[in-house]
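We count residues from 1, following the sequence as given.
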Amino acid sequence: MTKSKASTLSSVWARPDNTVLMPKQLSVRLPALVAAKIAAICEMYPSVKRHEVINDLLATALEDFELGLDWEGVPGTEIRTQDGVFDYEQMEGPREDFRWLVVKHTKLIEKELGVTLSAPAAKNDAD
């Protein structure tokens with residue numbers, strides 16, 4: 001079993017933050033237990049701002065969500081992932097659709113902010 005990215009957040013919080021934030025703020029009402037857990041993390045890592053904790057937890061949850069989406073690959077076209085595990089090149093399915101939509105929305109956000117962000121490559125990205 002590979003180590004979850006969420007389990008490495010403590011080492012991430014020890015490094016400088018170079019995140020580009022959206023100019024518009026998004027407000028959400030958290031369940032009480034989730035708010036308590038975030039407060040506990042903030043107390044454990046007092047140098048990390050609350051919004052950084054929430055952003056990092058949300059980012060890792062989205063990565064886990066993406067990895068859980070189904071996809072169909074082309075057998076025989078293996079690629080090596082960052083953790084050294086072989087995976088098939090993704091061609092279609094909800095995960096590829098999600099990646100394409102992330103690229104689409106990243107381009108819209110880049111235009112709005114006037115900056116270049118990094119997003120995963122997706123099918124039809126060259127269009």
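- Each of Val53, Ile54, Asn55 was checked for a side chain to side chain contact (heavy atoms under 4.5 Å, CB included) with Leu57, and the lone residue meeting it is Val53.
- Hydrophobic clustering (ILVMFWY, side-chain heavy atoms < 4.5 Å, transitive): Val103 and Leu67 are in distinct clusters.
- Distance CD1/Ile109 to OG1/Thr116: 13.0 Å, rounded to 0.5 Å.
- Within the 4.5 Å cutoff, the side chain of Arg50 has no heavy atoms near those of the Ile41 side chain.
- Between Leu58 atom CG and Phe65 atom CZ the span is 11.5 Å, to the nearest 0.5 Å.
- Interatomic distance, CG of Leu108 versus CD of Glu110, reported as 9.5 Å (0.5 Å rounding).
- Taken to the nearest 0.5 Å, the CD1 atom of Ile38 stands 14.0 Å off from the CD atom of Glu43.
- Counting only heavy atoms from C-beta outward, the side chains of Glu66 and Leu62 never approach each other to under 4.5 Å.
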Stepwise, does the side-chain contact (heavy atoms from CB on, under 4.5 Å) test hold for Leu69 with Glu96? CA-CA 9 Å; Leu69 293 172; Glu96 189 62 24; over 6 Å; no
